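Working notes for the structure below.
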Amino acid sequence: MNFRNKVAAIVVALALFATGTILTGCQPKGEQADVVVIGGGGAGLSAAVTAAENGAKVVLLEKMPMLGGNTLRAQTGFNAAGTKYQAEEGITDTADVHFQDTMKGGKDKNDPELVKTLTENANESLEWLNGLGTSLTKIQLLGGATNARTHAPTEGGYAGPVMIKCMEKAARDKGVEILLETKATEITVDKNGKVTGVKATDKDGKEIEFGAKAVVIATGGFGANNEMVAKYNAKLEGFDTTNHKGATGDGIVMAEAAGAALKDMEYIQIHPTVVPGKGVLIAEGMRGKGAILVNAEGKRFVQELKTRDLVSEATLEQEGKYAFVLFDQAIRDDAQLVEAKEQQSSLVSGETLEELAEKIGVPADALVETVTKYNGYVEAGEDPDFGRTKMAAKIEVGPFWAVKVTPAIHHTMAGIAINTKAQVLDTDGNAIPGLYAAGEVTGGVHGANRLGGNALSDIIVFGRIAGKEAASFGE
Ligand code: ADP
């Protein structure tokens, strides 16, 4: 090396030293926050807003180019009992009945303490959300619920997008720093097992490290990662999913590496009414408003408002493993749940039941007989065939509508073990200092089967707890 090259090398080395690159092994340092939230769906946003409300400096990392995750796809609404909106409609309901329904729906595999936390805090969390600008006030009845308690947007449409929009605004207003296309890859811990921060990669694949007093994992489920689904439940290999493509279970893998215990990993929910090959969900609320399910022979085969696992099981026993959700114009108008573009394009209509039957390829006389019989049951208030008690409406006002559906992976009840403070537990059942988790990434809240409408309550109730606890961690 001649003198000039030596000088150049020294200058470069000094520059690298000054920027810290030599010392940190080429990692550009991220910033120091009080709380880093991983994931920008409903759980992550509610945690971030709540942590900021409690005075924390918050950074939220989202791997996708947009916020929302599976929450953005949530259609019907938010379960809460004893609300003022139920009272306005004359519905008597309590947190205890909500608790009992949730335990029963989950086949008593749920952690009762977590369910208690969910059901006792749902009403207050609903008010918090509505205070941020959502208007979840319209009551719907979903499967497995003793009373109608799912709160949907007053103006109709999906609940999830409204929630995300309002929480994103609140987060930005409160100074939460939101980094999109930033994928968390590791939760860092010190030698005592206390959380120190998060490693991530930015959109150019560059590594960034964030320091934090506390970390909230809110990365959602793994329904879109069929390899992981099949690892925990081999029967579900190759199934379609309703999930967004970022639902790959990253948080579960990261938490496990940081010492977390996992819970209920085999409990993966399939939703019975999903358009084959499209992943488009036909919400349970359609059945709540009066739709029935018929098979390829034009016959009913199940009590349509049983829990999702049971309706799915019954559908998979039918010829071709599919069914049709069948309703009339009045039910469609009332429910307002199949009006999104992707759903509308899957609907088939007929001015008469015979015309509809021909279009969907089921025997017309059988379909007419099924509907006539069912309308009689609605009138009598009794369903001797399947024991359906909630029959909101007859199917009699044309045009008539049908949509072909089959079960698909919808929600992973499986996940990280937490306690009622949303602290992540290690394999000995002790809280990992500074580590919190909320939402679909956790296990235990829903047991073996989640009730419709309980996901949104779960992510907001536990997201808020995680945000509050994380903000005060170490004080
Ligand atoms: P929840 O209903 O529990 O809030 P969602 O699916 O709505 O779950 O949101 C989870 C969010 O977390 C999604 O937006 C998803 O893209 C994001 N996410 C998943 N893995 C990572 C990761 N490794 N880093 C950052 N964000 C992630």
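When a residue number appears, it is its place in the shown sequence, counting from 1. Whatever order the structure lists ligands and atoms in, that order sets their numbers, starting from 1. Not measured: the values here are computed from a predicted model.
The nearest protein atom to atom 16 (O) of ligand 1, hydrogens excluded, is given as Glu62 OE2, 2.6 Å; this is a heavy-atom distance. Here the protein heavy atom with the shortest distance to atom 4 (O) of ligand 1 is Ala43 N, 2.8 Å. The closest protein non-hydrogen atom to atom 8 (O) of ligand 1 is Gly220 CA, 3.4 Å. Summary of contacts: the protein heavy atom closest to atom 23 (N) of ligand 1 is Asp250 OD2, 2.9 Å. The single protein non-hydrogen atom nearest to atom 5 (P) of ligand 1 is Asn70 N, 3.5 Å, given as residue, atom name and distance. When only non-hydrogen protein atoms are considered, atom 19 (C) of ligand 1 lies nearest to Thr219 O, 3.3 Å. Of all protein heavy atoms, the one lying nearest to atom 7 (O) of ligand 1 is Thr71 OG1, 2.5 Å. Closest protein heavy atom to atom 9 (O) of ligand 1: Gly41 CA, 3.3 Å.
For His244, the heavy-atom gap to ligand 1 drops under 4.0 angstrom. Under the 4.0 angstrom criterion for non-hydrogen atoms, Gly42 is in contact with ligand 1. Put simply, part of Thr182 is less than 4.0 Å from ligand 1, judged by heavy atoms. Ligand 1 has at least one atom lying under 4.0 Å from a heavy atom of Gly40.
Counting only distance, with no hydrogens or angles, the side chain of His151 and the backbone of Arg149 share a donor-acceptor pair below 3.5 Å. One N or O on the side chain of Thr412 and one on the backbone of Phe222 form a donor-acceptor pair closer than 3.5 Å. The main-chain N or O of Glu339 is found under 3.5 Å from a side-chain atom of Gln344 such that the two form a donor-acceptor pair. Between the Thr406 side chain and the Pro276 main chain, no donor and acceptor come within less than 3.5 Å of each other. Remark: side-chain polar atoms of Asn123 are paired, donor with acceptor, to backbone N or O of Gly82 under 3.5 angstrom. Of the possible donor and acceptor atoms, one in the side chain of Gln318 sits under 3.5 Å from a partner among the backbone N and O of Ala314. In this structure, Thr442 contributes its side chain and Ala438 its backbone to no donor-acceptor pair below 3.5 Å.
Two residues are said to be in side-chain contact when any heavy atoms from C-beta on lie closer than 4.5 Å; Val59 and Leu179 meet this criterion. For the pair Thr273 and Arg287, the minimum side-chain heavy-atom distance is below 4.5 Å.
Summarising the contacts of atom 10 (C) of ligand 1 with Ala47, Ala218, Ser46, the nearest heavy atom is found in Ala218. Evaluated by nearest non-hydrogen atom to atom 12 (O) of ligand 1, the leading choice among Gly39, Ala184, Ala455, Gly246 is Gly39. Relative to atom 27 (C) of ligand 1, the option among Lys63, Met163, Glu440 with the closest non-hydrogen atom is Lys63.
At a 4.0 Å heavy-atom cut-off, ligand 1 touches Leu61 through the backbone alone.
Side-chain contact check for His98 and Asn454: at least one donor-acceptor pair (N or O, by modelled atom type) lies under 3.5 Å.
Of all atoms in ligand 1, listed by their number and element, those nearer than 4.0 Å to a heavy atom of Met64 are 16 (O).
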